[in-house]
Amino acid sequence: MSLSLYNTLTRKKEEFSSIEPGRVRMYTCGPTVYNYAHIGNLRSYIFADILRRTLQYFGYEVPQVMNVTDVGHLTDDADSGDDKMELQAKKEGKDIWEIARHFEDVFFDDIEKLNIEPPAVKCRATEHVSEMIALVEKLFERGHAYETAQAVYFDVTTFPAYTELSRQSLEDKLTAARDDVQEDPEKRNPADFALWFKAVGRFEHHIMRWDSPWGVGFPGWHVECSAMSMKYLGQTLDIHTGGEDHVWVHHPNESAQSEGATGQKFVQYWMHGAFLVVGRLSADDDDEDRRMGKSEGNFLRLQTLIDKGYDPLAYRYLCFSAHYRAKLKFTWESMDAAASGYDSLKDFVARAKQIGGQEQPWVQEHRNKFEHAIADDLNMPQALAAVNELIREADRRKEYGVLDALYDFDKVLGLNLRKSAEKATSADAEIENMIKERETARANKDWAKADELRKSLSEMGILLEDTASGTLWRRTE
RNA sequence: GGCGACGUAGCCAAGUGGCUAAGGCAGCGGUCUGCAAAAUCGCUAUCACCAGUUCGAUUCUGGUCGUCGCCUCCA
């Protein structure tokens, strides 16, 4: 089956083919670890996970690399000259490196809870400064970089393809220049971006600092992704993923400095995940449909959901209800809907596991639909529809030989269906005896005893379902 | 101000130039059932509005209204 993926560069779905047969070099823009990731951030990583799992499903080996940007960045408060991480460090009275490591740990913990497979390579920006410096030196050699008293910049006019990805002209960017942004007067073009900041002026007291040919300072944003992706994956990547906000700044910059340094194509397929937007979360919340943001007051972490009693995988399930290139509107109602949907899927696999059966020919049609859906630019809503149609058909026909199919689908879905089914149907002798005893009582129409046994079992976390062909049960916790 | 995206049932959302406009959640009614739970069947959409192209538009084009995003080191 051919896999088609939407390439932001061409704004079209394209049939995917990798540079090396059977192997996809994939780079995912990772977190900036100066704060907790919110569920909107996490949606992007679920998207990348689905992409990687789909590639694997179709037989590719996927060495995925993800950066951890632990170099501090500026605050949006131009006056302070503080760094976001430094600010956070001060607030919590902790060492800045500790802070970065803390948020990194929490991030990967969230990733694990969401059943996102960890990347083959995680790389920290602070551990690759020499590679970044080497990259900047190459940009000097090739005439793309220049130095001012404050920093080293990439001259965007030396790279004509700069606007290819963003499709936003430099003139447009020019008019966008905001008057309260502190500009370096020596900058040649407003769109030029920093490759290296010197520890002077507003950055005089910057904590994270390294030596460089341009004096002590710290790397600009963007550079770490170029340096690290090329270090681990080579000069040309198959796929580069990130959030849709990166289409206009981060990725054009990354692309420019990478291609500027190597003269080679940097990325074959650029893929971007759309934002989660937040609907009305409470009655006194007037605004609607805002993006989730650290400064928007609608900051929901995965832990927030867990505290409210949701399974992290229910959030994963929720993310499948919308296509990755479409905004997904988050409300508590939609979260509840996802939780219910995921629960009934888990109920089904527990039921199917108990009843069992051979896979019948009709299942193939649903397998085809599922595969067709994921191969069509990761259409998870349709893939999920295929799953739901499969289980409805199984219930209707009372033919439950569908677990192999569901477990295959779960290689992409990552909803832990096998684990869930096994857990739900694991019992000890005591429980099995009680269930048998109750069946005897029911056969004798001793309803009082049957109900009492059901109650006891319920207290032990066992839920019973009496059907025409016998009693089914499952563990509910 | 510049650029872009989107507006499909109570909610979250797929999709298509014409055949019954997926799926989930919620709701209502029926079947099944000792009860419970589940399952199953049925019901709930003039696809934002206006005009154009077309034999035919929810799908294409233009406009209007609304929402959102980016241009700010936010996925």
Side-chain angles (χ1 to χ4, degrees), chain A residues 28-32 34-35 37-48 69 71-76 78 83-84 166-169 171-178 180-181 191 193-194 220-222 241-250 253 272-277 279 288-296 317-318 320-323 325-342 344-345 347-348 351 369 373 379-389 391-392 395-396 398 442 445 447 450-451 454-455 458 463-468 472-474:
Chain A
T28 297
C29 265
T32 302
Y34 59 80
N35 202 339
H38 55 64
I39 59 173
N41 299 127
L42 294 171
R43 182 186 181 204
S44 289
Y45 299 105
I46 289 173
F47 146 61
T69 296
V71 176
H73 292 315
L74 309 178
T75 60
D76 49 10
D83 173 288
K84 280 187 180 176
S166 67
R167 300 197 175 186
Q168 195 173 52
S169 71
E171 291 73 37
D172 290 343
K173 286 200 162 280
L174 229 153
T175 57
R178 212 172 53 161
D180 62 326
V181 171
F193 55 93
W221 192 35
H222 321 304
T241 72
E244 62 180 345
D245 54 328
H246 286 158
V247 175
W248 297 276
V249 181
H250 185 227
N253 292 357
H272 296 92
F275 279 141
L276 181 79
V277 299
E288 290 209 52
D289 298 2
R290 296 161 301 162
R291 63 168 291 182
M292 179 167 290
K294 285 160 185 164
S295 54
E296 299 282 338
Y317 184 100
L318 173 65
F320 299 160
S321 69
H323 186 91
R325 282 190 286 114
K327 284 181 302 181
L328 170 58
K329 187 159 148 185
F330 181 89
T331 61
W332 291 117
E333 202 177 351
S334 62
M335 187 64 233
D336 283 338
S340 299
Y342 182 43
S344 56
L345 177 56
D347 290 352
F348 177 86
R351 179 159 67 247
K369 181 171 175 179
N379 193 326
M380 296 314 287
Q382 289 212 332
L384 206 52
V387 170
N388 283 313
E389 285 160 10
I391 70 181
R392 190 178 57 195
D395 273 326
R396 187 154 32 191
K398 308 262 186 277
R442 287 188 71 232
K445 295 198 192 303
W447 308 127
D451 287 350
R454 179 166 60 197
K455 193 170 172 239
S458 162
L463 180 71
L464 300 176
E465 284 175 21
D466 298 324
T467 72
L472 298 178
W473 58 273
R474 65 176 182 272

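So that the names make sense, note that chain A is the first sequence line, chain B the second, and so on, each numbered from 1.
- Checking side-chain atoms of A/Ser344 against main-chain N and O of A/Ser340 turns up a donor-acceptor pair under 3.5 Å.
- Using P as the reference atom, B/C12 and B/A48 are 15 Å apart when rounded to the nearest Å.
- Of all nucleotides present, only B/U61 satisfies the Watson-Crick or G-U wobble test against B/A51, with each distance under 3.5 Å.
- The partner of B/G23, taking Watson-Crick or G-U wobble pairs whose two distances both stay under 3.5 Å, is B/C12.
- Atom NE2 of A/His246 is separated from atom P of B/C74 by 7 Å (rounded to the nearest Å).
- A/His323 comes within 4.0 angstrom of the backbone, heavy atoms only, and of no base.
- When side chains are defined from C-beta on, A/Ser321 counts as touching A/Leu328, because their heavy atoms get closer than 4.5 Å.
- The residue among A/Ser344 and A/Ala450 whose nearest nucleotide of RNA chain B lies closer to the 5′ end is A/Ser344.
- To the nearest angstrom, C1' of B/A36 lies 10 Å from CZ of A/Arg442.
- Comparing B/A39, B/A14, B/C12 by their nearest atom to the side chain of A/Ala322 picks out B/A14.
- Within the nucleic acid shown, A/Leu42 has no heavy atom closer than 4.0 Å to any nucleic acid atom.
- Pairing partner, B/G42: B/C28, with both Watson-Crick or wobble hydrogen-bond distances short of 3.5 Å.
- B/C32 sits 24 Å from B/A26 when the P atoms are compared, rounded to a whole Å.
- Between the side chain of A/Asp466 and the base of B/C35 there is at least one donor-acceptor pair of N/O atoms closer than 3.5 Å.
- Between A/Tyr342 and B/C25, a side-chain N or O to OP1/OP2 separation shorter than 4.0 Å is absent.
- In this structure, A/Ala326 reaches the sugar-phosphate backbone alone: every heavy-atom distance under 4.0 Å involves primed, P, OP1 or OP2 atoms, never a base.
- The backbone N or O of A/Ala326 lies less than 3.5 Å from no partner atom in the side chain of A/His323, so there is not a single donor-acceptor pair.
- For A/Glu465, taking side-chain heavy atoms from C-beta onward, the closest of the listed nucleotides B/A22, B/U40, B/A38 is B/A38.
- With A/Ser458 contributing its side chain and A/Arg454 its backbone, the two residues share no donor-acceptor pair below 3.5 Å.
- Residue A/Asp395 contributes atom CG, which lies 17 Å from atom P of B/A37 at whole-angstrom precision.
- No side-chain heavy atom of A/Asp336 sits under 4.5 Å from any side-chain heavy atom of A/Ser334.
- Atom C1' of nucleotide B/G15 and atom CG of A/Leu384 are separated by 15 Å, given to the nearest angstrom.
- Straight-line distance between the P atoms of B/U33 and B/G15: roughly 42 Å, to the nearest whole Å.
- Residue A/Lys329 places its side chain closer to B/C12 than to any other of B/C35, B/G69, B/C12.
- Closest to the side chain of A/Ala385, from the set B/C71, B/G23, B/A39, is B/G23.
- In this structure, A/Phe330 atom CZ and B/C25 atom C1' are separated by 14 Å, rounded to whole Å.
- When distances run from any side-chain atom of A/Trp447 to the nucleotides B/G34, B/C74, B/A22, the shortest one goes to B/G34.
- B/A21 and B/U58 have their C1' atoms separated by 8 Å, given to the nearest Å.
- Listed pair A/Asn379 / B/G15 meets the phosphate criterion, a side-chain N or O lying under 4.0 Å from OP1 or OP2.
- You'll find that the side chain of A/Val249 is closest to B/C71, out of B/C74, B/C71, B/C41.
- For B/C35, the base has a donor-acceptor partner in the side chain of A/Arg454 [N/O atoms by modelled type, under 3.5 angstrom].
- When distances run from any side-chain atom of A/Ala337 to the nucleotides B/A39, B/G24, B/G15, the shortest one goes to B/G24.
- One interatomic measurement links the two molecules: NZ of A/Lys445 to C1' of B/A36, which rounds to 16 Å at whole-angstrom precision.
- What separates CZ of A/Phe275 from P of B/A13 is a distance of 16 Å, to the nearest Å.
- When both pairing distances are held under 3.5 Å, B/G69 makes a Watson-Crick or G-U pair with B/C3.
- Between A/Ala338 and A/Leu328, it is A/Leu328 whose nearest contact on RNA chain B lies nearer the 5' terminus.
- Using a 4.0 Å cut-off between a side-chain N of Lys or Arg and a carboxylate O of Asp or Glu, A/Arg474 and A/Glu465 qualify as a salt bridge.
- When atom types are taken as modelled, the side chain of A/Asn388 and the backbone of A/Leu384 share a donor-acceptor pair closer than 3.5 angstrom.
- Taking the C1' atoms as reference points, B/U44 lies 14 Å from B/C11, given to the whole Å.
- Between A/Gln168 atom CD and B/G1 atom P there is a gap of 16 Å when expressed in whole angstrom units.
- For A/Arg351, counting side-chain heavy atoms from C-beta on, the closest listed nucleotide (B/A38, B/C74, B/G34) is B/A38.
- Atom C1' of B/U16 sits at a distance of 14 Å from the matching atom of B/G56, rounded to the whole Å.
- Annotation: salt bridge (Lys or Arg N to Asp or Glu O under 4.0 Å) contacts of A/Arg43 (sequence neighbours excluded): none.
- At a cut-off of 3.5 angstrom, the base of B/G69 holds no donor-acceptor pair with the side chain of A/Asp245.
- Comparing B/C28 with B/C65, their P atoms are spaced 41 Å from each other, to the whole Å.
- Side-chain atoms of A/Ser166 come within 3.5 Å of backbone atoms of A/Gln168 as a donor-acceptor pair (strictly under, hydrogens ignored).
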Hey, what are the protein-to-nucleotides 5-10 of chain B N/O distances that come in under 3.5 Å?
none

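- If you check B/C68, B/A22, B/U40 against the side chain of A/Val277, the one that comes closest is B/C68.
- With B/U40, B/G23, B/C12 as the choices, the nucleotide that has an atom nearest any side-chain atom of A/Glu389 turns out to be B/G23.
- A gap of 22 Å separates the P atoms of B/C68 and B/C73, to the nearest Å.
- Residues satisfying the ring pair (Phe, Tyr, Trp, His ring centres under 6.0 Å) criterion with A/His250, sequence neighbours excluded, are A/Trp221, A/His222, A/His246.
- Not one N or O on the side chain of A/Tyr342 forms a donor-acceptor pair closer than 3.5 Å with the backbone of A/Ala337.
- Across the strands present, B/C35 finds no partner; the criterion is a Watson-Crick or G-U wobble pair with both atom distances under 3.5 angstrom.
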